[in-house]
Each structure stands twice: as C-alpha cells, then as structure tokens.
Amino acid sequence: MRYVQDSHCDKLVPDTEVHTALVKLFRAIFLQNLPSQNELLRMLPEATKSIYRPRFTHDHQSKNRSESHVTLEAGEILHSTLGFCIDRAPSYLDSAGIGVFVSKGHVQKGAVVSMYPGTVYQQYEPIFFQSIGNPFVFRCIDGIFIDGNDKGISKSVYRSCSGRDQLGPLKMCDASWLSAFPQNPLAVGQYVNNCSNERAANVCYQEFDVPEYFPVELRQYLPNINYSHDSQGPLRCVVLIALRDIDCGEELFSNYFTIVQ
C-alpha cells in the first residue's frame, strides 16, 4: 500500500511534466502519420497548422520525388522521444498472467512510463454489469472509475463512446489500445501487475486531468473517453510514474492500493 496525506498531495511529478511528456510523444506519432492527416489539418487553426507545415511540405516534396518514407513502429517512436520501450509479456510472477516490461532503453525516476486506458465513469454512472468478473476496473481517489478491460462489454462500450464523440476526421480518443497494436505505445498500463514481497513497486499511479489547452489534434492518442457525452470537467487520465530508475528487462510493478490519510 502507498500512503498519501490527501488527494491533492498524490502527485509525484507536476502535471506540467506529465503534459510535456505526453505532448512530446503524441506529436512525434502525429508527425509520423502526417501524410494521412490532410483532412484533419484543414480543420485546424492557422497557428496550429504552422507547427506542422514545414514537415508536411517536406514529406509532400519527397513523395513527388519518389523518395521512400521510412515508417517507424510505435515502440521506436517511444524510444526516440522518451528513451525507452515497453511491451507486454508473461510476468515474472507465478499465476500473474501478462505483465509489462521495459524492452529497450532506460526509464528515469519520475518519468511517465505508461497510461491506464479505458472508459471513464463518474461516481453516479452505471458500471455494474461492466464490472462483473472484471479485474481491470481502476478506482481513482475521488471515486471516478476507469474500465481498462479490452474485451467483452467493456470493449463494446468504449468503441461506442469513441465513435459517438468523433467529429469528422477529428478523433477525441484512441481506440487502438483495444487491439494488439496500440498506436499509443504507453496505453498498456492495465497489464501492470501488483507488487509482492519479492518484487517491490517501481511505478505508481498518478491521476492527470487533461487541460483545455491540450492540443486538439493530439487528443486522438488519449486512450480514455468519458462514458457520458455531457460529462462536466476535464477528461480524467491515469499515468504510471517511475518511482526509481528502471533498466531494460525489468518488469513494471505498481501499488494497487493507496491509503488517503
């Protein structure tokens, strides 16, 4: 268990650092997929377009010259931007099933190492049937729930909500975490196993409310969506923060229980 004085103190790193890391990664993914973003780019404000115009012009000229466009995998983009890769694999713990490992590079203490994907439910919203036999329901300190199950009714609910909130080419969330190949490589946090007497926690959960100024073109990589279309307030996300330096080959272990004093 991890102890915090109150909900306002449950921050290992400032939200500004979380925001910076996510924007850095998401922008790199967006740039990699820029050739397929034409319709979306036309909808963006001129100030936002100017960020991507030099790269878009270069890619367009390269295409006209028949130059090959090198496509990077999501994990490679993660390594080039944040310095590490993570992957799912059988856990070191007996009977723990799948876990999450650092498969390349090195994670520094305080880094955003993963995200907990899923549908976000307010305390008053129905989650009973989704929760039956579901080990992937995460409860935030303030009572908000995130259903990170990528199968069954949970999967259907997430897909329905993601389609509901899409505005033309403008996606408000990422549904690819429901597959074996998420375009956001951090969106595997629901598979991080709980620590044990033999395996101490090396990451912990931190709630992150997406600010209004989060770039609209990058919201398509957020692996969370509100259950209700008219939910008030910012979108709740949960990130996993490294408690110490983590080397390649190590499995990630978290504290499932936080005690608020």
request  = Go through the steps for Leu78 and Ile86 under the test side chain to side chain contact (heavy atoms under 4.5 Å, CB included), then give the verdict.
outcome  = CA-CA 9 Å; Leu78 176 60; Ile86 56 173; 4.2 Å; yes
request  = Could you give me the CA-CA distance, side-chain angles and deciding distance for Ser231 and Gln122, then say whether side-chain hydrogen bond (donor to acceptor under 3.5 Å, both in side chains) is met?
outcome  = CA-CA 8 Å; Ser231 292; Gln122 303 299 318; 4.7 Å; no
task = Would you please test Asp174 and Gln183 for side-chain hydrogen bond (donor to acceptor under 3.5 Å, both in side chains) and show each step?
result = CA-CA 8 Å; Asp174 174 24; Gln183 62 177 346; 3.1 Å; yes
task = Before giving the answer on side chain to side chain contact (heavy atoms under 4.5 Å, CB included), spell out for Val120 and Leu235 the whole-Å C-alpha distance, their side-chain angles and the decisive distance to 0.1 Å.
result = CA-CA 8 Å; Val120 180; Leu235 175 68; 4.2 Å; yes
inquiry  = Between Val112 and Ile241, is the side chain to side chain contact (heavy atoms under 4.5 Å, CB included) condition met? List the steps.
reply    = CA-CA 5 Å; Val112 176; Ile241 305 294; 3.8 Å; yes
task = Apply side chain to side chain contact (heavy atoms under 4.5 Å, CB included) to the pair Lys104 and Phe84, showing each step before the final yes or no.
result = CA-CA 5 Å; Lys104 187 177 181 180; Phe84 62 88; over 6 Å; no
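Across all their heavy atoms, Cys195 and Ala200 have their closest contact at CB-C, 3.8 Å. Listed here is the closest heavy atom pair of Leu44 and Thr48: CD1-CG2, 3.9 Å. In terms of heavy atoms, Pro182 sits closest to Ala74 at O-CB, 3.9 Å. When all heavy atoms of Gln206 and Leu12 are compared, the closest pair comes out as OE1-N, 2.8 Å. Residues Arg88 and Ala180 come closest through the heavy atom pair NH2-O, 3.4 Å. Scanning all heavy atoms of the two residues, the minimum distance from Val238 to Cys140 falls at CG2-SG, 4.0 Å.
The distance between the ring centers of Phe101 and Tyr92 falls below 6.0 angstrom.
Atom OG of Ser80 and atom CD of Gln32 lie 9.0 Å apart (nearest 0.5 Å). Annotation: the span from Ser114 atom OG to Leu240 atom CG amounts to 5.0 Å, rounded to 0.5 Å. The CG atom of Asn226 sits 8.5 Å away from atom SG of Cys161, with the distance rounded to the nearest 0.5 Å. To the nearest 0.5 angstrom, Thr119 atom OG1 is 9.5 Å from Ile146 atom CD1. Atom-to-atom distance recorded for Glu125:CD and Gln130:CD is 10.5 Å, nearest 0.5 angstrom.
Of the residues listed (Tyr205, Tyr121, Phe145), the one engaging Phe138 in a ring-ring contact (aromatic ring centres under 6.0 Å, His included) is Tyr205, and it is the only one.
Within the 4.5 Å cutoff, the side chain of Leu222 has heavy atoms near those of the Val210 side chain. Side-chain contact between Gln166 and Met172 is absent, with no heavy atoms from C-beta onward closer than 4.5 Å. Side-chain contact between Ser156 and Arg159 is absent, with no heavy atoms from C-beta onward closer than 4.5 Å. In this structure, the side chains of Cys173 and Tyr221 stay at 4.5 Å or more apart for every pair of heavy atoms. Side-chain contact check for Met43 versus Pro169: some heavy-atom pair is nearer than 4.5 Å. Contact annotation: the side chain of Leu93 approaches that of Ser196 to within less than 4.5 Å [non-hydrogen atoms, C-beta and beyond].
Around atom CD of Gln108, no more than 12 heavy atoms belonging to other residues, nucleotides or ligands sit under 6.0 Å away. Atom NZ of Lys109 has 12 or fewer neighbouring heavy atoms from other residues, nucleotides or ligands inside a 6.0 Å radius. Within 6.0 Å of CZ in Phe181 there are 12 or fewer heavy atoms belonging to other residues, nucleotides or ligands.
Taking Asp209 as the reference, Arg236 meet the salt bridge (charged side-chain N to carboxylate O under 4.0 Å, His left out) condition, with sequence neighbours excluded. In terms of the salt bridge (charged side-chain N to carboxylate O under 4.0 Å, His left out) criterion, residue partners of Arg244 (sequence neighbours excluded) are, by chain and number, Glu250. For Phe208, there are no ring-ring contact (aromatic ring centres under 6.0 Å, His included) partners at least two apart in sequence or on another chain. Legend: residues meeting salt bridge (charged side-chain N to carboxylate O under 4.0 Å, His left out) with Glu198, ordered by chain and number and at least two apart, are absent.
Side-chain atoms of Asn255 and Asn194 include no donor-acceptor pair closer than 3.5 Å.
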For residues 186-193, run the donor-acceptor check on the side chains, cut-off 3.5 Å, and write out each pair with its distance to 0.1 Å, sequence neighbours left out.
unit_1 : atom_1 : unit_2 : atom_2 : d
Tyr191 : OH     : Asp150 : OD1    : 3.4
Tyr191 : OH     : Asp150 : OD2    : 2.8
Asn193 : ND2    : Ser91  : OG     : 3.3
Asn193 : ND2    : Ile98  : O      : 3.2
Asn193 : ND2    : Glu251 : OE2    : 3.2

Listed pairs under 3.5 Å, donor-acceptor, residues 16-29 side chains, sequence neighbours left out:
unit_1 : atom_1 : unit_2 : atom_2 : d
Thr20  : OG1    : Thr16  : O      : 2.8
Lys24  : NZ     : Thr81  : O      : 3.0
Arg27  : NE     : Tyr52  : OH     : 3.1

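For Asn202 (side chain) and Phe253 (main-chain N/O), a donor-acceptor pair under 3.5 Å exists by modelled atom type.
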